[in-house]
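Side chains included, hydrogens not; waters and symmetry mates left out as well; all remaining heavy atoms used.
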Amino acid sequence: MAAAVSPLRSRMRWAILALLFLSTVINYVDRQTLSILASTVQADLGMSDLDYAVVVQLFLVAYTLAHLGAGWLTDRLGPKLGLALFVCWWSTANLVTGFAQNAMQLGAARFALGLGEAGNYTAAPKTVSERFPAHERGFAIGVYTAGAMVGATIAPPLIGWLALAYGWRAAFFATGALGFVWVIGWWLVHHWSPPVQAPRETEAGGRWGWVPLLRQRPVWGLALARMLTDPVWYFYLFWFPKYMIDDRGLTLMQMAQVAWVVYLAADLGSIGGGIASGRLVRRGMTPARSRLWLMGIAALLAPIGATISGEPSIMATFALAALVACAHLVFLTNLTTLAVDTFPSRHVATIFGIIAAGSGLGGMLSTRVVGEFANEQSYGSLFLMMALLHPLGWLVAWWAVRKPVAAQAPE
C-alpha cells in the first residue's frame, strides 16, 4: 500500500511534470538545431545531402542503441539521478557540435547526442508510471510529449536568429548550455517531491530478465508499431524544413517564420490526445481500449499528408504537414500511455527502452532511403510512402495488445 503523503507533496508531482516538459523542450531544441541549420552547415563544411543523411543516421544509430542501456540504467538509478545524467551528457554533446570542422567530427558529435537524448524517453514514462493514476497518465504523457513540439516550434526562430546574428556555431553553444540550468531545477524540485504513489508492483513479483521481456508480445509488438510510424515524424522533423527550402524556394528566415505552425499542431495533438483518452477512461472504458480508439482516429487522418506530393500552395502544404504532425502526436501519446498502462512500474523504463529502440531502428532504416530520394529531388514519392505507415502501425499495435484490452479494467 502506498504511504500517505501531504497534499503539498501530492501537488508537487505537477512541478515534476513541468520539468519533464522542459527537459523535452530542451531535448528537441538541441535535436532540431542541426536540421534548421542543415543547408548552412553543409555549405560551410562542404557536405552533400548524402553526407548529411549519414550524420542523421549516426544520431539515429546511437539513439536506437542507447535506449536499451538507458532503460536498464533508469530502472536501477531511478529517474531523478538517471535523467540528470542524461541531460548533462546530451547538453555537452550539443555544445561540442559547435566545434565541428568536418563531416566526421559533426557525425561524432551527433552520435554522442543520440546516446544521451534517449534517456529522456525512458525516465519520463517511468516517472509518470510512479506518480499518476490511469485517468491522468494520458494527460501527463501528452504534456511532456508536447515539450518536443514546443522545442521544435521555438527552434526555427530561435536557431535562425542565433545563426544570423552570431553564426551557426554560436547556436550550438547557446542551446547546449540550457540543459545545465535545467539540471539544477530538477535536482531541487525532485528533492522535495518523492513519489506520491507506490509503484504498481503487485502485478508481478521479482525482476524480469531480457529474454522474458522480449517474449512478451506487447513489448515487441509496440516496438514494431513505433518502428513503422516514427519514420513519419523523423521525416517531417529532419527533412521537411530542407524540402521547403530546397524544393519550394523558402529562405531560412521564411522557414523560421512559418514552420512553427506544424509543431503547434503537434502540441495540440499531444495534449488533446492524452486528455481525450483520459476522459474515455473516466467514463468507464478500459485504459488500453481508450488509447487504441484515439490511435485509430489518428491513423485515419495521417495519410491525408500524401496530397503534399501534388505540391499545393505553400500555406496548404504547411496546413497538411500540421495535420500529419497533429495525428502523429495523438498516435504517439496514446501508444506511450498504452505501454505505461500495460506494464508494471518496476520494468517500465527497460521496456520503454526496447519500444523506443523500435523507433530509432525505424528512423535509421528509413533515413538512408529518404536521403536517396531527397538527393534525386523525389520528395513527392516520400510523402506518398509516409501515408501508409500509420494505418500499418495501428494494426500492429491492436494485434499486440488485443488480449490485454479485453482483460484490463480501469484503475
> Donor-acceptor pair, Arg137 side chain versus Phe132 backbone, under 3.5 Å?
Replying inline: yes
> Without hydrogens or angle criteria, can the side chains of Thr97 and Asn94 be said to hold a donor-acceptor pair below 3.5 Å?
Replying inline: no
>> I want to check something: taking the side chain as every heavy atom from C-beta on, are His67 and Ile355 in contact at a cut-off of under 4.5 Å?
In response: no
> At their closest point, which heavy atom of Pro218 faces which heavy atom of Ala400, and how far apart are they?
Replying inline: CG-O, 3.6 Å
>> With heavy-atom distances below 4.5 Å as the criterion, would you say the side chains of Leu77 and Leu85 are in contact?
In response: yes
>> Can you tell me how far apart CG (Leu178) and CD1 (Ile26) are? Round to the nearest 0.5 Å.
In response: 5.5 Å
> Looking at Leu280, Val281, Thr286, which hits side chain to side chain contact (heavy atoms under 4.5 Å, CB included) with Arg291?
Replying inline: Val281
> Parallel, tilted or perpendicular: which fits the ring planes of Phe99 and Phe173, with parallel below 30° and perpendicular above 60°?
Replying inline: tilted
> Would you say the side-chain atoms of Thr333 pair up with the backbone N or O of Val330, donor to acceptor, closer than 3.5 Å?
Replying inline: no
> Which heavy atom of Ala266 sits nearest a heavy atom of Leu329, and at what distance?
Replying inline: O-CB, 3.4 Å
> Do side-chain atoms of Thr307 reach the backbone of Ile304 as a donor and acceptor pair under 3.5 angstrom?
Replying inline: yes
>> Using a 6.0 Å cut-off, check whether atom CH2 of Trp182 has over 12 heavy atoms from anything other than its own residue.
In response: yes
> Parallel, tilted or perpendicular for His390 and Phe331, by the 30°/60° rule?
Replying inline: perpendicular
> Is the closest side-chain donor-acceptor distance between Arg248 and Tyr379 under 3.5 Å?
Replying inline: no
> Could you go step by step and tell me if Arg31 and Thr175 meet the side chain to side chain contact (heavy atoms under 4.5 Å, CB included) rule?
Replying inline: CA-CA 10 Å; Arg31 189 181 308 191; Thr175 55; over 6 Å; no
>> Pair Val370, Met386 - check side chain to side chain contact (heavy atoms under 4.5 Å, CB included), show working.
In response: CA-CA 10 Å; Val370 172; Met386 295 296 158; 4.1 Å; yes
> Roughly how far, to the nearest 0.5 Å, is the CD1 atom of Ile141 from the CD1 atom of Ile271?
Replying inline: 13.0 Å
>> If I compare all heavy atoms of Leu301 with all of Ala327, which pair ends up nearest, and what's the gap?
In response: CB-CB, 4.1 Å
> Below 4.5 Å, heavy atoms only, C-beta onward: do Arg76 and Thr350 meet side chain to side chain?
Replying inline: yes
>> With rounding to the nearest 0.5 angstrom, report the CZ to CD distance, Arg110 to Gln105.
In response: 14.0 Å
> Rounded to the nearest 0.5 Å, what separation is found between the CE atom of Met295 and the OG1 atom of Thr337?
Replying inline: 10.0 Å
> Under a 4.5 Å cut-off applied to non-hydrogen side-chain atoms, are Glu130 and Thr127 in contact?
Replying inline: no
>> Would Lys80 pass as a cation-pi partner of Trp187, given that its NZ or CZ must be under 6.0 Å from the six-membered ring centre and within 45 degrees of the axis?
In response: yes
> What heavy-atom pair brings Ala306 and Ala387 nearest, and what distance separates the two atoms?
Replying inline: CB-CB, 3.6 Å
> Considering all heavy atoms of both residues, which atom of Ala140 and which atom of Leu17 are nearest to each other, and what is their separation?
Replying inline: O-CD1, 3.4 Å
>> Below 30° counts as parallel, above 60° as perpendicular, anything between as tilted: where do the rings of Tyr243 and Phe240 land?
In response: tilted
> Is a side-chain donor or acceptor of Ser270 paired with a backbone partner of Asp267 at a separation under 3.5 angstrom?
Replying inline: no
> What do you reckon, are the aromatic ring centroids of Trp293 and Trp394 less than 6.0 Å apart?
Replying inline: no
>> Testing the 3.5 Å rule here: is there a donor-acceptor pair between the side chains of Ser35 and Gln32?
In response: yes
>> Between Trp161 and Tyr166, is the ring-ring contact (aromatic ring centres under 6.0 Å, His included) condition met? List the steps.
In response: CA-CA 8 Å; Trp161 173 75; Tyr166 303 103; 5.7 Å; yes
> How far apart are the C-alpha atoms of Val369 and Met385, what are their side-chain angles, what is the distance that settles it, and do they pass the side chain to side chain contact (heavy atoms under 4.5 Å, CB included) test?
Replying inline: CA-CA 11 Å; Val369 175; Met385 290 165 56; 4.1 Å; yes
> Does the side chain to side chain contact (heavy atoms under 4.5 Å, CB included) test come out yes or no for Phe21 and Thr145, once each step is laid out?
Replying inline: CA-CA 7 Å; Phe21 168 81; Thr145 302; over 6 Å; no
> Between Trp239 and Tyr52, does the ring centre distance come in under 6.0 Å?
Replying inline: yes
> Which word best sums up how the rings of Trp233 and Tyr28 line up, parallel for under 30°, tilted for 30 to 60°, or perpendicular for over 60°?
Replying inline: tilted
>> Among Val219, Thr74, Val340, Asp75, which residue satisfies the side chain to side chain contact (heavy atoms under 4.5 Å, CB included) criterion with Phe352?
In response: Val340
>> If you define the side chain from C-beta out and look only at heavy atoms, does anything of Val61 sit under 4.5 Å from Phe111?
In response: yes
> Counting N and O atoms only, with roles assigned by atom type, does the side chain of Thr24 sit under 3.5 Å from a partner on the main chain of Gly147, one being a donor and the other an acceptor?
Replying inline: no
> Can you name the closest pair of heavy atoms from Gly393 and Thr229 and give their distance?
Replying inline: CA-CG2, 3.8 Å
